[in-house]
Amino acid sequence: MSVSPPSDGHQSGEPAAEARDPWSPPPPGPAPDPASAPWTPYQTDPLLAARPPRNGMGITALVLGIVSLVLGVLVFLFWMTWLPGLLAVIFGIIGMRHARRGQATNGTMAMVGMILGGLGLAVSILCGIFAAVLVKEAAHEVRAEAKKTAASEKAEREKAAREEKARHLPFGGTYTFPNGLKVTVAEPEPFVPDQYAHGHAKGNKAVQVTITVVNTGKKRVDAGPAGLPRVNDADGASAELVIDGSGRQKVIDGYLLPGRQVVGKYAFSLPPDAADKAEVEFGTDLSEADYSYWSGPLHLGS
């Protein structure tokens with residue numbers, strides 16, 4: 001009695017499925033049923049295989065990423081970096097999704113573009129913060145300088161006001177000029193011109209102004225430029241200088257040595273209705289128009 005070998009479901013002479021090379025050409029004959037095949041390779045959708053890869057997003061992401069990084073390196077253009085950087089991140093994410101779905105072949109390029117865009121965006125943010133700090137500090141310095149300037153101008157105005165106030169004195173007051181000359185103007189006294197007087201109208205009241213000048217400095221000073229004082233009556237009109245032959249008038253002139261003094265005497269004619277008050281202007285340097293003013297009521301009698 002003969003024993004036949006066990007049947008494995010294949011005809012004699014046909015190699016077993018597991019013994020076949022899966023990459024070898026299929027055996028002649030009808031194609032095997034895919035459902036019964038021991039291994040089925042990945043099937044690609046013919047429509048997808050026929051479409052070109054969608055690599056545009058990855059390329060755009062890489063270009064925008066490079067642009068954003070270059071603009072970020074140029075610090076003065078940081079404000080232009082954020083937009084290409086943000087777009088590079090967005091397009092890079094979309095390109096990577098396309099690559100995972102098999103719709104693109106440049107997933108690495110998209111990832112690099114996204115990274116570069118993120119770096120450019122970070123640089124833009126950091127530069128923006130840095131610029132904001134600089135602007136804030138600059139604004140603080142400008143405000144501080146403006147306050148300093150305003151305070152300085154205010155101090156100058158106050159100083160000028162004090163100096164102007166100091167230059168207005170009552171009769172008998174003393175003012176020291178920058179050149180060291182200390183000037184005192186006494187209250188004007190009644191003056192009677194002689195019969196040959198010039199500048200005195202009939203009915204007016206004549207006054208004599210006495211000015212004392214002392215050199216308080218260490219150098220001699222030319223008192224000549226002081227010239228003549230000016231006298232204004234109660235109405236603010238200039239009084240007429242009186243010149244006569246009595247010899248009672250003395251003009252300040254010449255150099256004045258340190259510690260020395262000189263006295264000047266001048267006569268002026270005031271109208272009777274404006275002789276109750278007067279103002280005397282006197283300066284030691286006409287080129288600077290540095291005048292001081294003495295004023296007050298006049299006690300001339302009837």
Side-chain angles (χ1 to χ4, degrees), residues 152-194 196-200 204-234 236-270 274-275 277-300:
S152 178
E153 292 177 352
K154 182 180 178 181
E156 289 293 333
R157 290 193 300 269
E158 292 177 350
K159 180 181 178 181
R162 289 194 300 269
E163 291 179 352
E164 183 65 22
K165 183 178 180 181
R167 289 165 55 188
H168 290 75
L169 303 99
F171 288 128
T174 300
Y175 180 79
T176 302
F177 289 87
N179 58 6
L181 294 182
K182 183 174 69 174
V183 178
T184 304
V185 177
E187 178 181 343
E189 299 175 350
F191 179 82
V192 180
D194 63 17
Y196 302 106
H198 173 75
H200 180 63
N204 281 6
K205 293 185 178 181
V207 296
Q208 179 174 273
V209 176
T210 302
I211 300 176
T212 304
V213 180
V214 180
N215 185 359
T216 62
K218 297 181 179 181
K219 297 180 180 180
R220 70 173 187 171
V221 179
D222 187 4
L228 299 174
R230 294 196 294 261
V231 176
N232 303 318
D233 60 24
S238 296
E240 188 76 17
L241 177 66
V242 177
I243 300 175
D244 66 359
S246 63
R248 291 173 292 174
Q249 301 183 52
K250 182 179 180 181
V251 177
I252 297 175
D253 193 14
Y255 284 94
L256 189 61
L257 297 177
R260 303 296 295 273
Q261 78 172 24
V262 63
V263 178
K265 295 180 180 291
Y266 309 89
F268 292 88
S269 178
L270 304 176
K277 183 179 179 182
E279 179 185 65
V280 178
E281 301 179 19
F282 187 80
T284 61
D285 191 343
L286 296 178
S287 63
E288 297 180 1
D290 188 12
Y291 279 82
S292 290
Y293 307 87
W294 288 259
S295 61
L298 300 180
H299 303 90
L300 304 179

Could you go through Val251 and Tyr266, starting from their C-alpha distance and side-chain angles, then the distance that decides it, and tell me whether this counts as side-chain contact (heavy atoms from CB on, under 4.5 Å)?
CA-CA 7 Å; Val251 177; Tyr266 309 89; 4.1 Å; yes
Taking all non-hydrogen atoms of both residues, which atom of Ala278 and which atom of Val231 are closest, and how far apart?
CB-CG1, 4.4 Å
Here the gap from Leu228 atom CG to Gln249 atom CD, rounded to the nearest 0.5 Å, amounts to 9.5 Å
Is any side-chain heavy atom of Val263 closer than 4.5 Å to a side-chain heavy atom of Ile211?
no
Give a yes/no verdict on a cation-pi contact between Arg230 and Tyr291, requiring under 6.0 Å between NZ or CZ and the six-membered ring centre and an angle within 45° of the axis.
yes
CG of Leu257 to NZ of Lys219: how many Å apart, nearest 0.5 Å?
14.0 Å
Hey, does Thr216 have a side-chain heavy atom less than 4.5 Å from the side chain of Leu181?
no
Before you tell me yes or no, could you show the steps for Val207 and Leu270 under side-chain contact (heavy atoms from CB on, under 4.5 Å), namely the whole-Å CA-CA distance, both residues' side-chain angles and the distance that decides it to 0.1 Å?
CA-CA 8 Å; Val207 296; Leu270 304 176; 4.2 Å; yes
Shortest non-hydrogen contact from Pro229 to Val280?
CB-CG1, 4.1 Å
side-chain contact (heavy atoms from CB on, under 4.5 Å) between Glu281 and Glu279, worked out
CA-CA 7 Å; Glu281 301 179 19; Glu279 179 185 65; 3.9 Å; yes
Between Arg220 and Leu256, is any pair of side-chain heavy atoms under 4.5 Å apart?
no
Gap between atom NZ of Lys250 and atom OG1 of Thr210 - 0.5 Å precision:
11.5 Å
Heavy-atom closest contact (Val183 atom, Phe282 atom, distance)
CG1-CD2, 3.8 Å
Between CG on residue Asp233 and OG on residue Ser269, distance to nearest 0.5 Å
10.0 Å
Note: Gly199 and Val242 closest approach over all heavy atoms is O-CG2, 4.1 Å
Can you find a heavy atom in the side chain of Trp294 that is under 4.5 Å from one in the side chain of Glu187?
no
Any side-chain donor paired with an acceptor under 3.5 Å for Gln261 and Asn215?
no
Any side-chain donor-acceptor pair under 3.5 Å between Glu240 and His200?
no
One should read off an interatomic distance between Asp194 CG and Ser246 OG, to the nearest 0.5 angstrom, of 5.5 Å
Enter the distance from Glu189:CD to Gln208:CD here, rounded to the nearest 0.5 Å.
6.5 Å
For Ala239 versus Phe268, what's the shortest heavy-atom pair and its separation?
O-CD2, 4.0 Å
Other residues, nucleotides, ligands: >12 heavy atoms within 6.0 Å of Arg248 CZ
yes
Please set out all donor-acceptor pairs under 3.5 angstrom arising from side-chain atoms of residues 168-177, sequence neighbours excluded.
residue: His168; atom: ND1; partner: Glu164; partner atom: O; Å: 2.7
residue: Thr174; atom: OG1; partner: Thr184; partner atom: OG1; Å: 2.7

